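Here the structure is laid out as structure tokens; the discussion comes afterwards.
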There are 2 protein chains.
Amino acid sequence: MDIRDIARLSGYSVGTVSRAINDKPNVSEKAKARIQQVMREQGYQPNPNAQHLKQSTRTSIGVLVKGAHNQLFAELVEHVQASLGQVEEESQLVYLDEDADEVAEAVRYQSSLHFKGILFLGGDPANFRAGFEAITIPCLLLTNTAESIGRDNLSSFTTDDAKAAAEAVDELVRFGHRRIGIIGGNRRPEQIGTLRLQGAMDALERHGVPFEVERDYEPCRFSMRDGYDATMCLLRRRPDLTAIFALGDVMAIGAMRALRDVGRPVPESISVVGFDGIEASKFTVPRLMTVRQDVEGIAEKGVAALLERLEDPAKEPVHERVGHTLHRGESLCPPPHDIYHTLYEGMAS
Amino acid sequence: MDIRDIARLSGYSVGTVSRAINDKPNVSEKAKARIQQVMREQGYQPNPNAQHLKQSTRTSIGVLVKGAHNQLFAELVEHVQASLGQVEEESQLVYLDEDADEVAEAVRYQSSLHFKGILFLGGDPANFRAGFEAITIPCLLLTNTAESIGRDNLSSFTTDDAKAAAEAVDELVRFGHRRIGIIGGNRRPEQIGTLRLQGAMDALERHGVPFEVERDYEPCRFSMRDGYDATMCLLRRRPDLTAIFALGDVMAIGAMRALRDVGRPVPESISVVGFDGIEASKFTVPRLMTVRQDVEGIAEKGVAALLERLEDPAKEPVHERVGHTLHRGESLCPPPHDIYHTLYEGMAS
DNA sequence: CTGAAAGCGCTTACAG
DNA sequence: CTGAAAGCGCTTACAG
């Protein structure tokens with residue numbers, strides 16, 4: 001069943017059928033109606049390969065998600081697909097490991113899946129620096145900045161992670177915390193966790209709060225399980241902490257569970273602050289205090305920018321910081337002043 | 001830059017270049033080496049549209065996910081992609097609304113995205129009954145059974161939802177609960193929520209526990225927010241409940257938060273049981289009692305079955321129930337016997 | 001082992 | 001408004 005069959009059955013030529021299919025001008029209403037009827041009767045669907053071959057178009061936008069366990073990306077994906085769907089753009093999702101080289105993967109996929117643009121959810125600037133030159137189609141990085149990469153086909157939208165992390169620390173300090181531990185990320189330069197850690201550490205220093213990264217920080221991947229384990233690890237070194245700042249909500253949820261398991265009620269015995277503002281953070285018990293990223297804003301602005309550059313590839317790249325909000329939660333309260341902490345205070349210093 | 005340019009530059013004909021690209025026999029090592037060198041120099045990538053047009057092959061497996069807020073599907077997707085990735089199969093994810101007609105969407109996508117097979121994550125048998133005949137490629141339904149559809153290109157793997165829900169109720173009753181509310185699903189026939197509700201109601205009846213669906217059940221979609229709202233709703237009618245069975249973990253998480261907000265501690269004042277066994281259920285406070293589906297088993301067996309039928313489309317369809325496990329959690333304990341409940345008991349009956 | 005040629009199913013000037 | 005014809009970039013018998 002191809003376009004010739006439809007032409008034969010409808011009594012029109014192949015050219016007219018093609019014009020009818022594509023809603024081109026210069027087809028009589030009569031012809032269009034007849035052709036559509038035949039197509040429906042036959043259940044005919046044009047062969048997309050042939051269509052694209054002729055139009056030499058590439059079809060879909062690749063969406064590379066770096067880290068399947070980070071709920072934040074799931075929410076971003078949802079908004080991205082919504083924005084893309086509104087303009088009838090097809091997208092294609094690929095999940096990568098949190099530690100994968102997303103740029104190398106993109107190079108691999110670019111041709112085999114014929115993307116016309118690529119949207120990176122999460123990314124490591126080091127990978128972009130190393131391999132992005134092989135990619136020539138318009139690209140967009142969300143949740144990290146690509147400004148320093150300096151490629152003219154790469155835009156980026158992200159939260160100001162360092163600033164937001166600093167604000168979270170300000171809040172912890174304002175509540176009276178002076179023994180603060182941090183979990184999450186991997187300390188590789190320019191990675192999102194590292195940016196947050198750096199922002200937090202700068203703020204701690206500004207407030208004169210002692211923080212030694214080897215002792216007070218525990219790296220981990222973005223998942224509840226890893227947050228749980230990292231918390232257990234950190235507590236072994238610093239049982240006297242009065243607050244834990246998890247550099248991602250999924251880790252914060254794991255942390256709260258771990259604290260419960262070691263009999264440290266949150267927030268009475270120890271406070272927890274997260275980062276991201278995922279849906280689940282609104283439903284934890286206690287409700288999580290967190291830095292909420294503007295997921296919808298990042299997705300919508302990002303997609304809009306990408307679409308503009310798909311239209312006009314010569315357009316200058318943009319790099320924008322999208323606003324965030326500090327979201328009060330029940331998981332943060334002033335530190336306890338009981339004998340337990342007084343006891344540990346002496347031990348730890 | 002097309003295959004002719006490579007032919008010209010390498011000094012071979014288009015046919016030989018094509019054979020070299022596709023690793024066909026009848027190309028000398030010398031020619032292959034020279035051609036590969038030129039391709040690399042030119043950064044040439046064959047046009048996939050043209051390749052597929054000629055081979056008239058379909059490439060990827062479509063994965064239609066019905067309900068973006070259900071974490072269970074996110075976990076299934078992960079396992080599905082892992083299984084598919086091992087055999088180098090490409091998959092393409094499409095997220096649909098929980099109430100979308102997944103079969104109508106599949107019909108739409110089948111041609112435009114040239115799938116060679118379709119994997120449905122979640123599905124309503126009514127939709128399959130109405131429109132599946134238009135789909136001729138091998139298909140697989142996960143998390144619901146398609147046995148009664150009786151199509152020879154449709155297999156299915158699922159948990160025995162009715163049986164599992166009944167077991168959860170058995171457990172609630174065994175703990176002494178007699179005033180049990182249920183939330184989740186939409187009561188449309190054969191839907192997963194309805195199967196679970198039915199299994200639960202049958203068990204309640206078997207135990208002689210009174211249950212009136214109009215009063216003791218509140219429908220809702222599979223999300224934390226909806227679970228929260230449904231719980232609030234149900235509590236207004238039945239403040240005397242000692243247990244809530246949420247027909248999905250995401251709703252159970254919402255329910256626990258709602259109960260906390262109205263000052264009903266879980267499980268001391270009221271117990272909560274979920275269904276699915278998503279990752280987050282292991283990290284809630286209190287830890288959720290739930291029916292854990294064998295996500296990995298469902299994904300792996302399902303994918304294996306689909307791949308077999310992609311190889312040999314004549315193969316008989318399979319419909320299998322994959323085992324589940326009841327997972328004890330802290331959210332279930334015996335009902336309280338305090339004045340509060342005695343009070344309400346009189347009011348409610 | 002290699003080349004010349006037909007054809008995959010469409011779209012799009014071009015001529016009428 | 002419609003039709004006949006060229007061509008998109010490949011692959012694959014077929015002939016050598």
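Since this is a predicted model, take the numbers as computed values, not measurements. Letters A, B, ... mirror the listed sequences (proteins, then strands); counts begin at 1.
Rounded to whole Å, the distance from CD1 on A:Ile6 to C1' on C:dT11 is 16 Å. Note: NZ (A:Lys30) to P (D:dC1) measures 12 Å, nearest angstrom. Rounded to whole Å, the distance from CG on A:Asn26 to P on C:dC14 is 14 Å. Computed from coordinates, the B:Arg4 CZ to C:dG3 C1' distance equals 15 Å when rounded to whole Å. With rounding to whole Å, B:Met1 atom CE is found 17 Å from D:dC8 atom C1'. Rounded to whole Å, the distance from CD on B:Gln51 to C1' on C:dG9 is 16 Å. For the pair B:Asp2 CG and D:dC8 P, the computed distance is 8 Å after rounding to whole Å. Between the P atom of D:dC1 and the CD atom of A:Glu29 lies a distance of 8 Å, rounded to the nearest Å.
Here B:Arg321 pairs with nothing under the salt bridge (charged side-chain N to carboxylate O under 4.0 Å, His left out) rule; sequence neighbours left out. Not a single salt bridge (charged side-chain N to carboxylate O under 4.0 Å, His left out) links B:Glu147 to another residue, sequence neighbours left out. For the salt bridge (charged side-chain N to carboxylate O under 4.0 Å, His left out) test, residues two or more places apart in sequence or in another chain that qualify with A:Asp99 are A:Arg188, A:Arg221.
Contact check of residues 8-21 of chain A against DNA chain C (heavy atom, cut-off under 4.0 Å) returns A:Val14, A:Gly15, A:Ser18, A:Arg19.
The side chain of A:Asn22 contributes an N or O atom lying less than 4.0 Å from OP1 or OP2 of C:dT11. Between B:Tyr44 and D:dC10 there is a side-chain N or O to OP1 or OP2 distance below 4.0 Å. Taking side-chain N and O atoms only, A:Lys24 has a distance below 4.0 Å to OP1 or OP2 of C:dT12.
Only the C1' atoms considered, C:dT12 is 16 Å distant from C:dG16, to the nearest whole Å.
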Should A:Asn70 and A:Glu98 be marked as a side-chain hydrogen bond (donor to acceptor under 3.5 Å, both in side chains) after you check the CA-CA gap, both sets of side-chain angles, and the distance that decides it? CA-CA 9 Å; A:Asn70 190 351; A:Glu98 186 175 328; over 6 Å; no
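Closest of all the heavy-atom pairs between A:Gly117 and A:Leu310 is CA-CD1, 4.1 Å.
When the options B:Thr158, B:Leu76, B:Leu72 are evaluated for a side-chain contact (heavy atoms from CB on, under 4.5 Å) with B:Ile298, the one that passes is B:Leu76.
Here the side chain of B:Ala31 is nearest to one of C:dT2, D:dT11, C:dG9, namely C:dT2.
Under the ring-ring contact (aromatic ring centres under 6.0 Å, His included) criterion, the residue pairs touching residues 119-138 of chain B are B:Phe120-B:Phe128, B:Phe128-B:Phe132, with sequence neighbours excluded.
Between the side chain of B:Asp2 and the backbone N or O of B:Asp5, at least one donor-acceptor pair lies under 3.5 Å.
From B:Ser156, atom OG reaches atom CG of B:Leu140 across 7.5 Å, with rounding to the nearest 0.5 Å.
Stems are defined here as 3 or more consecutive Watson-Crick or G-U wobble pairs with pairing distances under 3.5 Å; those involving DNA chain C are C:1-3 with D:14-16, C:5-12 with D:5-12, C:14-16 with D:1-3.
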